[in-house]
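What follows is a short report on a single structure.
Just so it is clear: chains get the letters A, B, ... in the order the sequence lines come, proteins before strands, and each one is counted from 1.
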Amino acid sequence: MALSITTSSVLRTPSNISNPGAGEVESNISSADHSLTYTTGAGGCEFLWDPDDGSSYQISYLAISGHNLRVGDTVTVEYGALLLGAHTIQRGGGAIMITWSPIDFDSAITVTISPTDPARATTISYMVGGLHMEIDTGEQAGYKRLWLNRNVTRETTTNMLAAPVSTLTKRVVLKGSLSLPNQTAEFSQGEWQAFIGFTFEYPFFIKEIEGNPDSSYVCFDPLFSTSSHSQTRALDSLTVSFKAYNGL
Amino acid sequence: MATFEATRSQRVQEHFEILELELPIITGVCTIGSVSGTGTPLTCDQAWAGEYKTYYFTNENAPIMPSMNGEPVFRCIKSISESATEIKPGDGLASRATLSITLVDFTGSDPNEYAPGVNGVVKNQGTYFGKLAARQIIQNKPATLKCYRVQQDGSIDLTNGAQSREYLADSLTPNNNGTWRLSCKDVMSVVNLDEKTWPETFDSVVRIDVDSSVVVIPVDGVTDYSSAEVVRIGDEHLKVNSVTGNLTGSAVLNVAARGSDIFAPVSGVLLTKTVADDHEAGDEVFICDVADNETIDGFLTRVLVASDFPASYIPSSDWADEVNEWHATDKINAIHNKAESVSTVINRVLTGYLMDMWFDVISSEAKLSAISVHKLSAGMITEGKEINAYTIKKTAKPSLRASRALVSYDKVNMADTEGYAKASRFSNNELVSEELYLEHKDKQFDDNFIIDKGAADLLTQRYVSRFGFMPFERSFVTDERYLTFNTGDVVDLVSSADQDIFGLPSGSIRAQITKINTKFGNSRYYDVKAMTYEAAFDSGTEIVLSEPLGSVNLYVLAGAPSQPIDLTFVLTGTYSFGNVAIRAGGFVNTAEKRSKLTIILANGFQGQANGGDGGSYGTETVAAGDGENGGTVYDAEGVDTDIYFSGTTPSTSYPTADGYILAPGGGGGGGGWSNNTGADFESGGGGGGAGVVVGVGYKSLVGNFSSGFDGDSLGNGGDGGSFDSAQFKAGDGGDWGLAGGDGDDADTIGGLGGQAGSGVVDSGAAVSLFGATASRYINGNGSH
């Protein structure tokens, strides 16, 4: 039932890439600009982040959007020798978000990508990790399941019999709106505010189903609205409208 | 991974584009003044070493893709608008293509991150395109728009999967909403044909005054005259034989006799007459360009390359093939004696030979295409498939229609502003009957000094043939999947806009694709324009010639078809004339590919030719002249021909033939000279032969009594002249089909009579005559 929403981004440029692509820019991996991509060498690749600035961050998720991973490829996340999560891609190109209980980021985190085709290089637009929050109440009725929708429009020309001839598809932006009624004032004035601040600088991910990394999408251009409860000041009604990209 | 063409047939298609902009950069040391520069020739004091960087931009909604050559592909193309080249049949040069791309600006990145002057602060300062525009001159830099298609398995082939369109950037300007507009133009535009002149001009002058008779012309020592063949000083043209002291202070041009006619050295064609004149020191010496037996494609190439058009964009063999097919015998023999706009020069050639020229941004080639109703269809395009259903629109183009065309040619003196000696006219009188267009509509071409009779006749014929009936422009939409044709292609249309008389879709609408404009709004689709016309098919076409025919070439009057053809000519224009009044011409006619002609003589048509002129009388010192041979009415020149004189014909329009072919007579020989009574006496000039242009009897200079008489057009040769009919007499001109008589021998020998003319000459063809009674056909020296 719970929705997972990312609230921070702590992974920057990987400190090591086991199978680097020639001439590729490593900082592109953590850039939210999906124009900037990183392509590995052919076959599997390990991305390693090693905290070296002495700061202590917490991290509870890893998300990837804008990639060419195909069905059957695997992504594993390890914290030292501890396996934090693993996922086998079920939908080619779709955004994924792997979550776990928060841990301190004071040891190396390794993300391993293993394509089924060893001749294929992996291209990634955006790989990010940090903290996320859980919305235990989940979404309201009617909420658009953006991870199941396709962000394409189709236009088919027809012949003289009005039968289909050929089809043009075009990618368009998905749009969603998440309502969180009856949230505590503590939440709306605390964690929610931090989240709003975070979204000014970074896109955020939503994962709709716990345990299913494929049920994810990256959200941008959020528009927040906070309304009072009709009967008590202890509760607020929160709404965020946004655009989304699910990679499909 | 697959090429663009390999994925064209995908039923479901997703498109995206990548713009590649190639700009000069400096990657090494770069300073400007005392500070670090930003890595471009404009922003570095250091010299540019020829380095370029390619910038990549794609649509905001393009699929995820890797970097290209280590460079990011920025997702900032908001919209693309292209105005493709448009062929203008009959008007020569096509309109140029343009491309406009709207780019969304962004921050946090820098176009020259490698440069020493671009640090973290600069990188995050300003906007990407703002900095790019400040550091580069965009004009005339290569801009390539690559059109991609997502493959069926969702992958993309960035290396081979694109259709590239070559443009040149023209400007990069900000809009008022955070976007920038990149304007591009096609390569032919960069030549700025309207702003360039040809031939090249020099500061060349006469050094010392010269009068109208000297043949050594002192000229300046700055200009290189080594390649000068003809020069113009004032209104006088001078043929240059050699140069002495070229590029010295004593340079002189050694010219031919002043005022003499100037001929092309190879072809021998008269280029211009001229009048000698005095010239003063300081008068301009214009070095004329001489085209001598030059092919159309060769001449156009020379002019374009001289105007900075890249030779690599000219597909020489394609051009030569096109010219060989449609203008096999046409050669340019002309002098250009003043600088003109290049577009004027090129358009004169294109309109003179009825050709189209355009630049194809996809193949990156300048295209050259002849206009002819005989062009074969490259395929059929059908509504509901290649034409999106119910998108076709039909618009009449009355300004193009003409049932009669006229062009003046053969400029005798190139210094004259007027002075064209000849004109060619072709009319289709069948179109002006009351049930059709009622009256003629004329197309008057500009006077043209580069074309000769053959080209002029072909021009007027081809125009009227193509645009005699109302041309229509069809505009329609095509999906990329079915865009299997190109601009310039000739196709057959099957659409709901054109039905036959029974209401079924017409499959005989032939059209030339004049424009294919890409629409980039919601994936790519194409707005197409096609100009339709009455096609001439390889059999069954009937050409009615309703005016008198003088030395006509049926091949030219048929529009010079490039394939074997089965044609019918109906001759209704009263009569023919000329030494060879009607010739079949250069139809394709080999053992494997034979053409076939049917000639129907109608409405009492009299096929005649010129009668032979009489020979001159002899004198004490000059031998008497022979009479000239009569002309030929029809020379089949090896092309199989059926000729109908009377009776039933295979034509439904002209089911009954009614006509004649009458061989002319030869001219009579001149009489010999006689010293009969101790004084000089000429025996008379020969009589002229019979013919529609009569043989002219040779006229005496000393009195009428010894002149030969002209033949007539009713079949009678003229009598030969004589001083004394009882003694020596010149030969009589021959009647229809007869030779001229020999002149009498006297003290000197009389001239021989000219041979009879010919009715029909086969020249190796199988020629059959139908209904050719004795009164309708006079053979003379012909083959029947």
Top contributor to chain B contacts, counting heavy-atom pairs under 4.5 Å, from A/Thr39, A/Asp33, A/Leu168, A/Ile124
A/Leu168

Using every non-hydrogen atom in the two residues, find where A/Leu36 and B/Pro72 come nearest and quote the distance to one decimal.
CD2-CB, 3.3 Å

Test side-chain contact (heavy atoms from CB on, under 4.5 Å) applied to B/Ser523 and A/Arg171, step by step:
CA-CA 9 Å; B/Ser523 296; A/Arg171 289 169 187 266; over 6 Å; no

Exceeds 12 heavy-atom contacts within 6.0 angstrom, atom CZ of A/Arg91:
yes

Measuring from atom OG1 of A/Thr37 to atom CD1 of B/Ile64, what distance do you get when rounded to the nearest 0.5 angstrom?
7.5 Å

Under 4.5 Å from any heavy atom of chain B, what part of A/Thr169 do you find: side chain, backbone, both or neither?
both

Heavy-atom proximity to chain B below 4.5 Å, by part of A/Tyr38
neither

Residue by residue, which of residues 10-17 of chain B have a heavy atom closer than 4.5 Å to a heavy atom belonging to chain A?
B/Arg11, B/Val12, B/Gln13, B/Glu14, B/His15

From the list B/Met65, B/Glu60, B/Lys385, B/Glu71, the residue making the most non-hydrogen contacts under 4.5 Å with chain A is B/Met65

With rounding to the nearest 0.5 Å, note down the distance linking CZ in B/Phe106 to OG in A/Ser35.
6.5 Å

Heavy-atom cut-off 4.5 Å, strictly under: side chain, backbone, both or neither for B/Tyr482 against chain A?
side chain

Which members of residues 74-82 of chain B, sorted by number, sit under 4.5 angstrom from chain A on a heavy-atom basis?
B/Phe74, B/Arg75

What is the distance from atom OG1 of A/Thr153 to atom CG of B/Asn61, rounded to the nearest 0.5 Å?
9.0 Å

Quick one: pull up CG in B/Asn59 and NZ in A/Lys170 and give me the separation to the nearest 0.5 Å.
9.5 Å

Spacing of OH belonging to B/Tyr390 relative to CG belonging to A/Asn159, to within rounding of 0.5 Å:
8.5 Å

Hey, is CD on A/Gln193 packed in by over 12 heavy atoms from elsewhere, all under 6.0 Å?
yes

Is the number of heavy atoms from other residues, nucleotides or ligands within 6.0 Å of NZ (B/Lys393) greater than 12?
no

